[in-house]
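These notes concern the structure reproduced below.
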Amino acid sequence: MVGVLDLGIDLDAWPWIWLGLAVVFALVELTVLGGSFVLLPWAVSAFAASLLAFYDVPVEIQWIVFVFGGAALFAAFVRYGKKFVGDNELPPGVGADRVIGLTAIVTSPIEPDDTNRPGRVAIGSETWGAITADDTVVAVGAKVRITAVQGTRVVVEPLPAATPPPSPPPPPPPGGTP
């Protein structure tokens with residue numbers, strides 16, 4: 001009796017066809033696709049089909065295991081992978097742009113007339129060269145906000161100095177009103 005999916009291939013060749021397909025899919029997955037788990041489900045299902053073929057299971061069932069098993073594994077990988085999609089995302093502002101909007105403290109005066117531009121600011125544990133956009137002189141210890149990055153320097157704007165809170169009124173004299 002000839003099976004529906006005979007395809008003119010000797011039944012003794014199917015185990016090796018499935019095994020070869022599993023190896024090719026696995027190699028392509030690892031080398032070309034870089035472990036993206038696109039072909040891995042079908043590599044696993046081709047290996048399962050090769051095991052069935054070694055035990056003389058009908059070719060139709062081997063194909064069902066390959067196609068539907070691969071699809072089921074692919075769906076499972078996608079569902080499992082969706083849980084981890086956002087885990088390794090980089091925060092907005094990658095690289096030097098990450099400092100834009102942060103507050104820094106001036107560690108070396110920022111003077112626009114100086115051609116060497118020795119102005120420096122401390123941002124956390126990093127020290128950056130600094131310039132101002134409007135040629136403002138900024139003294140050491142002043143707080144500044146970073147507005148942009150130009151090459152290896154940050155562009156800063158001085159923050160308004162914090163005004164001290166008003167002093168409380170003096171206490172009334174003892175014994176009543178004056």
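Residues: numbered from 1 along the sequence shown.
When all heavy atoms of Ser108 and Pro118 are compared, the closest pair comes out as OG-O, 3.2 Å. For the residue pair Gly70 and Pro41, the shortest heavy atom distance occurs at O-CB, 3.4 Å. Contact detail for Ala26 and Ala43: the closest heavy-atom pair is N-CB, 3.8 Å. The minimum heavy-atom distance between Val154 and Ile146, with the atom names listed, is CB-CG2, 3.9 Å. Heavy-atom minimum distance, Glu29 versus Leu40: OE1-N, 3.2 Å. In terms of heavy-atom proximity, Pro158 sits nearest to Val138 at CG-CG2, 3.9 Å.
Atom CZ of Arg153 is surrounded by more than 12 heavy atoms from other residues, nucleotides or ligands within 6.0 Å.
Under the rule for a side chain to side chain contact (heavy atoms under 4.5 Å, CB included), the partners of Phe68 that lie at least two apart in sequence or sit in another chain are Ile64. With sequence neighbours excluded, the residues forming a side chain to side chain contact (heavy atoms under 4.5 Å, CB included) with Val23 are Leu27, listed by chain and number.
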Full working for side-chain contact (heavy atoms from CB on, under 4.5 Å) between Val156 and Ile110 = CA-CA 10 Å; Val156 298; Ile110 303 171; 3.7 Å; yes
Report the C-alpha distance between Leu159 and Val144 in whole Å, list the side-chain angles of each, state the deciding distance to 0.1 Å, and finish with yes or no for side-chain contact (heavy atoms from CB on, under 4.5 Å).
-> CA-CA 5 Å; Leu159 291 175; Val144 292; 5.6 Å; no
Stepwise side-chain contact (heavy atoms from CB on, under 4.5 Å) test for Gln62 and Trp14 = CA-CA 9 Å; Gln62 296 170 33; Trp14 279 107; 3.7 Å; yes
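Contacts classified as salt bridge (charged side-chain N to carboxylate O under 4.0 Å, His left out) and involving residues 118-127 (residues at least two apart or in different chains) are given here: Arg98-Glu126.
The shortest side-chain heavy-atom distance between Thr132 and Glu157 does not fall under the 4.5 Å cut-off. Residues Val140 and Thr107 are not in side-chain contact: their nearest non-hydrogen atoms beyond the backbone lie 4.5 Å or more apart. Here the side chains of Val121 and Thr127 are not in contact, with every heavy-atom distance at 4.5 Å or above. Side-chain contact between Val149 and Ile100: present, with at least one pair of heavy atoms (C-beta onward) separated by less than 4.5 Å. Contact check for Phe47 versus Val44: no side-chain heavy atoms found under the 4.5 Å cut-off.
A continuous path of Ile, Leu, Val, Met, Phe, Trp and Tyr side chains, each step under 4.5 Å between heavy atoms, connects Val28 with Phe66, placing both in one hydrophobic cluster. Residues Leu39 and Leu21 are members of one and the same hydrophobic cluster, defined by side-chain heavy-atom contacts under 4.5 angstrom among Ile, Leu, Val, Met, Phe, Trp and Tyr. Using a 4.5 Å cut-off between side-chain heavy atoms of Ile, Leu, Val, Met, Phe, Trp and Tyr, with links allowed through other members, Ile17 and Val57 fall into different hydrophobic clusters. Placement of Leu73 and Ile61 in two distinct hydrophobic clusters is found when ILVMFWY residues are connected by side-chain heavy-atom separations under 4.5 Å, directly or transitively. Following chains of ILVMFWY side-chain contacts shorter than 4.5 Å, one can reach Val106 starting from Ile123, so the two form part of one hydrophobic cluster.
Ring centroids of Phe54 and Trp18 are separated by 6.0 Å or more, keeping the two rings apart.
How far OG1 of Thr103 is from CZ of Arg145: 5.0 Å, rounded to the nearest 0.5 Å. Here the OG1-CG distance, from Thr147 to Asp134, works out to 9.0 Å after rounding to the nearest 0.5 Å.
No side-chain donor-acceptor contact under 3.5 Å links Ser45 to the backbone of Gly69.
Of the candidates Phe77, Phe74, Phe25, Trp42 forms a ring-ring contact (aromatic ring centres under 6.0 Å, His included) with just one, namely Phe74.
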